[in-house]
Amino acid sequence: MAEMKNRKLDQQLKQRLRLRILLETVADLALPMPVQIGYHVWQMITLKHL
């Protein structure tokens, strides 16, 4: 937890992450549940490769 508090991210990266989170929130509100689940499953699969 202390490491995360001290970690500094580039301002441009923070802005991109905020935009991505905002877009995903809007998509979750607008898209039907099966599409949401499929998208989040795809994200989990692709995160395994990071």
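Owing to the predicted nature of the structure, the values given are computational and were not obtained by experimental measurement.
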Enquirer: Which side-chain hydrogen bond (donor to acceptor under 3.5 Å, both in side chains) pairs, counting each pair once, include a residue from residues 29-38, with sequence neighbours left out?
Expert: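 Non-adjacent pairs meeting side-chain hydrogen bond (donor to acceptor under 3.5 Å, both in side chains): zero.
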Enquirer: Inspect the surroundings of CD in Gln12 and state if more than 12 heavy atoms from other residues, nucleotides or ligands are less than 6.0 Å away.
Expert: no
Enquirer: Arg18: what forms a salt bridge (Lys or Arg N to Asp or Glu O under 4.0 Å) with it, not counting sequence neighbours?
Expert: none
Enquirer: Val35 and Val26: same hydrophobic cluster, using ILVMFWY side-chain contacts below 4.5 Å?
Expert: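 No.
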Enquirer: Within this structure, what is the CD1-CG distance for the pair Ile37 and Asp28, rounded to the nearest 0.5 Å?
Expert: 10.5 Å
Enquirer: Give, for atom CG of Leu31 and atom CD of Glu24, the distance between the pair rounded to the nearest 0.5 Å.
Expert: 11.0 Å
Enquirer: Are there over 12 heavy-atom neighbours, none belonging to Gln15, within less than 6.0 Å of that residue's CD?
Expert: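 For Gln15, atom CD is not crowded (no more than 12 foreign heavy atoms under 6.0 Å).
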Enquirer: First locate atom CG of Leu17, then atom CG of Asp10, and finally report the distance between them rounded to the nearest 0.5 Å.
Expert: 10.0 Å
